[in-house]
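Order of appearance sets the numbers: ligands from 1, and atoms from 1 within every ligand. Each residue takes its place number in the sequence, starting with 1.
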Amino acid sequence: FNAKIPELSNPSVCMRDPQRVQEILQSMVKAGSNTVQVISDFDMTLTRFAYNGKRCPTCHNILDNSNLISNDCKIELKELLNTYYPIEIDSSRSIEEKLPLMVEWWTKAHELLVQQKIRKDLLAMVVQESDAMLREGYKLLFDHLYEHSIPLLIFSAGIGDILEEVIRQAGVFHPNVKVFSNYMDFDESGELRAFKGELIHIYNKREGALLNTGHFQELRTRPNVLLLGDSLGDLTMADGVHDMENILKIGFLNDKVEERKQSYLDSYDIVLLKDETLEVPNAIMHIYNQLRMFHDNLLF
Ligand code: TMP
Ligand code: MG
């Protein structure tokens, strides 16, 4: 079976239990592509971590680096990043210990952004001028899912308005894409006044999923899940799925690889080490096609 997915032998691929991966894949492919849904994180999962040795921006960073933010505010946002990002990726602290600190980061960052009176009509330009970059192979993935009517849920603790603009400008915001994220609330004059609804940060995606029961109810005929993430917090994104049958979890490990490798191997089925491409997810989606062609050949 793995011979059908030569990409699983790429040097970036690590699996704790390759046999188990094979079993999950077999079972998912047997159930057919009309029973699958894809749930993916956005920042550093669908977008690149680095390009030519330079870090790529998250949704928040796209705004932080733009000319919509004053220099003083930029400094404060940078300080927050320098304080809290090392905590986010610190493998010596538990999720319980990190959780309140992550809430603090998001709360402070959003308060600062709201003070900047950001204008809705300038967001498209900000994204246009940013260094935002989707991972190599993104078009293949988005187009394939759309063409095969496979729902894609992008579940992000980033900023929904920015994320949507990134995929719109990349030409892949297809109708099968649904987004759960933090959305901006603008006043009548089009200035940011708050963020809407419950805050989504990196460790409460489970709660976010459970608030959106309607979405998962609509997808109840799709109990097989391909999950893509880059944080251990992303593992709970599928907690709202009804009567789950199979889940294949692919984790991108971008930073502090040696320190974090074991914990990623323990919780993700496939771990991709410093892999800036979507080659492996694409190869996995592609085996559904191969199988269908195989069946078609049998029929004719
Ligand atoms: P994600 O759920 O789409 O990956 O988005 C969360 C990422 O956003 C997480 O890795 C941390 C990052 N982030 C910033 O870069 N700047 C900020 O101000 C905040 C609050 C989060
Ligand atoms: Mg992420």
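Residue contacts with ligand 1, taken as heavy atom pairs separated by less than 4.0 Å, involve Ala109 solely via side-chain atoms from C-beta onward. At a heavy-atom distance under 4.0 Å, no atom of His201 approaches ligand 1.
Counting only heavy atoms from C-beta outward, the side chains of Gln169 and Gln128 approach each other to under 4.5 Å. Counting heavy atoms from C-beta outward, Asp255 and Arg260 have side chains that approach closer than 4.5 Å. A heavy-atom distance below 4.5 Å is not found between the side chains of Lys4 and Leu25.
Those atoms of ligand 1 that come under 4.0 Å of a heavy atom in Asp43, given as number and element, are 1 (P), 3 (O), 4 (O), 5 (O), 6 (C), 7 (C), 8 (O). Remark: ligand 1 atoms within the under-4.0 Å shell around heavy atoms of Asn61 are 15 (O). The contact set between ligand 1 and Lys205, taken as ligand atoms under 4.0 Å from a residue heavy atom, comprises 2 (O). Near Ser156, with a cut-off below 4.0 Å to any heavy atom, the atoms of ligand 1 are 1 (P), 2 (O), 3 (O). Close contacts of ligand 1 with Phe42, meaning ligand atoms under 4.0 Å from a residue heavy atom, involve 3 (O).
For a threshold of 3.5 Å applied to N or O pairs, the pair formed by Leu81 and ligand 1 contains no separation below that value.
In this structure, the protein non-hydrogen atom closest to atom 16 (N) of ligand 1 is His60 CB, 3.2 Å. Nearest protein neighbour of atom 11 (C) of ligand 1, counting heavy atoms only, is Glu88 OE1, 3.3 Å. Nearest protein heavy-atom neighbour of atom 20 (C) of ligand 1: Trp106 CD2, 3.4 Å.
Side-chain contact, Glu276 with Tyr51: no donor N or O sits under 3.5 Å from an acceptor N or O. Looking at Asn10 and Ser12, their side chains never bring a donor and an acceptor atom within 3.5 Å of each other. Ser92 and Asp90 are linked by a side-chain donor-acceptor pair at a separation below 3.5 angstrom, with hydrogens and angles left out of the test.
Side-chain atoms of Lys256 never come within 3.5 Å of backbone atoms of Ile89 as a donor-acceptor pair (strictly under, hydrogens ignored).
Atom 14 (C) of ligand 1 has its nearest heavy-atom neighbour, among Thr107, Ile200, Thr58, in Thr58.
Using a 4.0 Å cutoff on heavy atoms, Asp41 counts as a contact of ligand 1.
Met133 and Ile62 fall into different hydrophobic clusters, where Ile, Leu, Val, Met, Phe, Trp and Tyr are joined by side-chain heavy atoms under 4.5 Å apart, directly or via other members. Two different hydrophobic clusters hold Phe216 and Leu211 under the rule that ILVMFWY side chains link at heavy-atom gaps under 4.5 Å.
Figure legend: cation-pi geometry between Arg135 and Phe252, with NZ or CZ positioned under 6.0 Å from the six-membered ring centre and within 45° of its axis.
For Asp230, the N, O or S atom closest to the Mg ion (ligand 2) goes by the atom name OD1. For Asp43, the N, O or S atom closest to the Mg ion (ligand 2) goes by the atom name O.
At a cut-off of 2.8 Å, Asp41 coordinates the Mg ion (ligand 2) through an N, O or S atom.
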